[in-house]
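Okay, so here's the structure we're looking at.
We name chains A, B, ... by the order of the sequence lines, and we start the count at 1 in each one. Worth saying up front: this structure is predicted, and the values here are computed from it rather than measured. All values below were derived from every heavy atom in this structure, side-chain atoms included, with hydrogens, water molecules and symmetry-related copies excluded.
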Protein chains: 2
Amino acid sequence: MRATIRDVAREAGVSIATVSRTMRDPGSVRVETRERVEAVASRLEYVPSQLGRQLAERRHAANGIVFPDLSGPYFAEVVLGYEAVAGELGRSVLILSTAGRDDADRAVAAMAERCDGLVVLGQTISDAAVTAMVRRGTPVVLVARPSLDGIDSVRAHNLDGARALAHHVLDTGATDVAFVGDPGSGPDVAERHAGVAAVVAERGARLRLWPVTEMDEAAGEHLAAGLGTRDLPDALVCANDEMALGLLGALAERGVRVPDDVVVTGWDDVMAARYAGLTTVRQPMREIGATAARLLDERISGARVEVAHEVLPTTLVPRDTTSSPTPRKVAR
Amino acid sequence: MRATIRDVAREAGVSIATVSRTMRDPGSVRVETRERVEAVASRLEYVPSQLGRQLAERRHAANGIVFPDLSGPYFAEVVLGYEAVAGELGRSVLILSTAGRDDADRAVAAMAERCDGLVVLGQTISDAAVTAMVRRGTPVVLVARPSLDGIDSVRAHNLDGARALAHHVLDTGATDVAFVGDPGSGPDVAERHAGVAAVVAERGARLRLWPVTEMDEAAGEHLAAGLGTRDLPDALVCANDEMALGLLGALAERGVRVPDDVVVTGWDDVMAARYAGLTTVRQPMREIGATAARLLDERISGARVEVAHEVLPTTLVPRDTTSSPTPRKVAR
DNA sequence: CCGGTTTCAGAAACCGGTTACAGACTCTGC
DNA sequence: GCAGAGTCTGTAACCGGTTTCTGAAACCGG
C-alpha cells in the first residue's frame, strides 16, 4: 500500500501536521525539519492522497462538462477550449456525453456530486435538472442554450452572423430564400432564422421555411430528393453544415448547379465545409469553451456574484457555394 | 450547508451506521426504521457526499483518458466510445489534453492521483511517465502506442489495413508508389509503411518514401508545391487523411488530375474525406475506446491479471481518388 | 418457559488529509 | 538573568462517509 501522511510523520519523527505543512507551505517549517521530512517523503515516494485532501478542503478541484456528442467538430472544440483553461486553473475536467443515454438528468446529477461546478452544452438535460443543481449549490454555466434566470451563459452571436449571412446571400441576387431547419429545435436555430428573416424583410425579398425533423446530412439529401415537387428557391440557407453538405451532394446528383442555379449556405464551418467549398458561418468554439471555464471559475471561487451572459462574435466565411469558384483554391 | 449523514441520523434518531446501511443496502434495515430514515433523508434532501464515500471506499470511481487533441475526428471518437462504456460501468471520465502543454508528464501524474486507472492515447507522454504510474499501482491501457512490457494495449490492425490498401492501389495499375509520412513518428505510421512496403515488394512494384515533418494539411500542400522538381509517382499513399486532403487541393491547383495522373489515398476516414472522395482506411475508433474502457475496468476490478493486447480490424474505403468517379454519389 | 439462533442497530475505528489552537523553545533587549 | 515577542511544532478536532464488532432484542422449537 502507498505511504500515507502518518507513515511519513512516523519515519521522520514529526507529527502529521508538520508533514502537511511541509508539503503545502514549506516556508512555515524550519529548514532542518523540512529537509528531514522531505527526505523521508521522497524515500517512501509519498504523494498526498487527493481524496483525503479534497475531503478536508471540501472541494473537488474538478469541473464537469456535459455535451450531447463529440462527433461533430463543434462540441469537441468547445471541450478543448474548456479543458485548456480549466487545466490552467488547476482543475480537472469530467466529461459526460448524453448521446444514447436515456437517463441524462440523473447522470448529470450524479456528476454534479463529483465536481465543484459544471458546464452544460446545448439541450442535453432538462431545465428542471439544471435549476435543481443550481439550487443545491452547484454553479452551472450554460452554453448554446437559452439562458435561465440567474444562471451564467455563453453564446455565439447568432443574430449578427445570420444578418451578415443574409446580406451576403442577397448580394448574390437572390430574392427567393428558403431557410432549412427547425427554429423550434433550440434558440440557436431560432436566432439564425430570426436574423435571416429580419434582413430578408428589410431588403424586400421573400423567405420561406423548410422545416426538417433531424438536422443531419440525411435530412439534406432527403430534402433535395423532394425538390422537384416545389419550385426551387434562389438560396438555401441551412441551419447547419451537415444539412448543407447533404443537400450539395444530392443537388449535384440531380444536375442542379451550385451556385448558378441555387446558392447554398451552412453554419458551423466544419472541416468538410472547406473541402466542399461551402459558404458558412464560423463560431469561436474554442473561445466559447474557454469563456465558459472562466465564468465557472469566477462563480466557484466567489469572485463574481452577479449573473454574466457572454456573447461572442461570429464570422462569415464566404466560399464557392455563394459565388463562382475562384481558381480552385481552398478558402481558409 | 448541505445535510450530512450525521444530520439525518440525529433527526431520525438512529446512528450514522444505520443511515449508511439504509442508503446502500436497504434490505439490511428493518422496514420501519428504513422508512423513518428515508423520510428524513428526503426531507433534508440528503445526498451522500461522494468525497466521503470515495475516501472510505478508497476508490475514485473515475477513469482518466489522455489524448493529444480532439480536433481531428480520431480521438474524439475514441473518447466517446470510452465514455459510453465507462458510464455503463458506473465510472466518471476525466480528460486531459496534452496539446500545448509542456508539462504533460506531470499533468498526467497529477491526474493519475484522481482516478482508479487511465488510458493513454498516442505519444502524449513519455514511457517513463507511464511505467512510473503503473509502478505506483495505477492501471494503464495504451491506445495507438507501442505496447510496453506488462501493460495492456489496444490498437487497430495497421498492417492488415495497409496491405489491403496497397493491393487496392496496385490494382489501379500503379507501379511507382510514394509513401507520404514519417515512419519514425510512431508505430502506427511505421506499421502502415511496413504493410505497404511488404505488398509493393511482393508484387514487384517500386516504393519511395516521402518524408514530412508535420503530418497535416500544410505538409500535403507544401509537398505538392515541390512536385515539379521530382518525377510524379503513380500513387501517393499518405499516412493520414489530412495530408492527403492537403495534397488533393494543391494538386488540383497545379492541374494534376486525380486519379488519372496520380492515385491518392489517406488514412482515418475523417468526415471531410467523404466529401473529397478520398480513398482511405477506416479504423473502428469508437470500438477502440470501448475496448480500452473494458480492459481498464477488468484491470481495476482485478477480474484479469494477465496482460491483454487487443488488435481491432480496419476497413478499406475505396473512393474516387483511386478510381474514376462514379456519377458523383458520395460513397458511405 | 428456556436455551440457542437470527435479526437488527449502535459504538467506534478507520479512510488520509487540513488547520485552529496552544505549548515549547529560541531570540531579543534591557 | 529574565520578561516578552516571535518561531516552530504537536495535539486534536474535523471533513463525511463505510464497516467491523458486539450486544440487545426478537424468534424458534422443544
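For A:Glu57, the listed nucleotide lying nearest its side chain is C:dT18; candidates were D:dG17, C:dT18, D:dT11. When the nucleotides D:dG17, D:dT11, C:dA9 are ranked by their closest atom to the side chain of B:Tyr46, D:dG17 comes out on top. Nearest nucleotide to the side chain of A:Ile16, out of C:dG16, C:dT18, D:dT19: C:dT18. Comparing C:dT18, D:dG10, C:dA9 by their closest approach to the side chain of B:Arg21 singles out C:dA9. Between C:dA9, D:dT18, C:dG17, one nucleotide has an atom nearer to the side chain of A:Thr4 than all others, and that is C:dG17. Of the candidates C:dG10, D:dG16, D:dT19, the closest approach to any side-chain atom of B:Ser49 belongs to D:dG16. Of the candidates D:dA12, C:dC8, C:dT18, the closest approach to any side-chain atom of A:Ala17 belongs to D:dA12. Checking C:dT19, C:dA9, C:dC15 against the side-chain heavy atoms of B:Leu55 singles out C:dC15 as nearest.
In this structure, B:Asp7 places its CG atom 13 Å from C1' of D:dC15, rounding to the nearest Å. As rounded to whole Å, 18 Å separates atom P of C:dC14 from atom CD1 of B:Ile5. When the P atom of D:dC15 is taken as reference, atom CZ of B:Arg53 falls 19 Å away, rounded to whole Å. Atom CG of B:Leu51 is separated from atom P of C:dC14 by 22 Å (rounded to the nearest Å). Between B:Glu113 atom CD and C:dG17 atom C1' the separation is 13 Å, expressed in whole Å. To the nearest angstrom, C1' of D:dC14 lies 17 Å from CD of A:Gln54. In this structure, CZ of A:Arg36 is placed 12 Å from C1' of D:dC8, rounded to the nearest angstrom. C:dA24 atom P lies 16 Å from atom CZ of A:Arg30, rounded to whole Å.
Counting non-hydrogen atoms under 4.0 angstrom, B:Val19 reaches nothing in the nucleic acid. Across all strands shown, A:Gly13 has heavy atoms under 4.0 Å from sugar-phosphate atoms exclusively, and none from any base. Contacts of B:Arg6 with the nucleic acid, taken as non-hydrogen atoms under 4.0 Å apart, include base atoms. A:Val47 comes within contact range of the sugar-phosphate backbone alone, with a heavy-atom separation under 4.0 Å but no base atom that close.
Between D:dT19 and B:Arg24, a contact under 4.0 Å exists linking OP1 or OP2 to a side-chain N or O. Checking the phosphate oxygens (OP1, OP2) of C:dA9, no side-chain nitrogen or oxygen of B:Ser15 falls inside 4.0 Å. The side chain of B:Ser20 contributes an N or O atom lying less than 4.0 Å from OP1 or OP2 of D:dT18.
In a base pair of the Watson-Crick type (N1 to N3 plus N6-O4 or O6-N4) or a G-U wobble (N1-O2 and O6-N3), with each distance short of 3.5 Å, D:dG30 is matched with C:dC1. Nucleotide C:dA20 is matched to D:dT11 when pairs are restricted to Watson-Crick or G-U wobble geometry with both distances under 3.5 angstrom.
Neither side chain, A:Arg21 nor A:Ser28, offers a donor N or O lying under 3.5 Å from an acceptor on the other.
Within 6.0 Å of CG in B:Asp25 there are more than 12 heavy atoms belonging to other residues, nucleotides or ligands. Atom CZ of B:Arg136 has more than 12 heavy atoms from other residues, nucleotides or ligands within 6.0 Å.
Salt bridge present: B:Asp127 and B:Arg145 bring a charged side-chain N and a carboxylate O closer than 4.0 Å.
Nearest-nucleotide assignment on DNA chain C puts the 5′-proximal partner with B:Ser28, out of A:Gln50 and B:Ser28. Of the two residues contacting DNA chain C, namely A:Thr18 and B:Glu32, the nearest-nucleotide position lying further toward the 5' end is that of B:Glu32.
Checking side-chain atoms of B:Thr291 against main-chain N and O of B:Glu287 turns up a donor-acceptor pair under 3.5 Å.
Taking 3.5 Å as the limit, the base of D:dG16 and the side chain of A:Arg58 contain no donor-acceptor pair of atoms between them.
Side-chain contact check for A:Ile151 versus A:Val134: some heavy-atom pair is nearer than 4.5 Å.
Taking CD1 of B:Ile5 as the reference point, atom CG of B:Asp7 lies at 10.0 Å (rounded to 0.5 Å).
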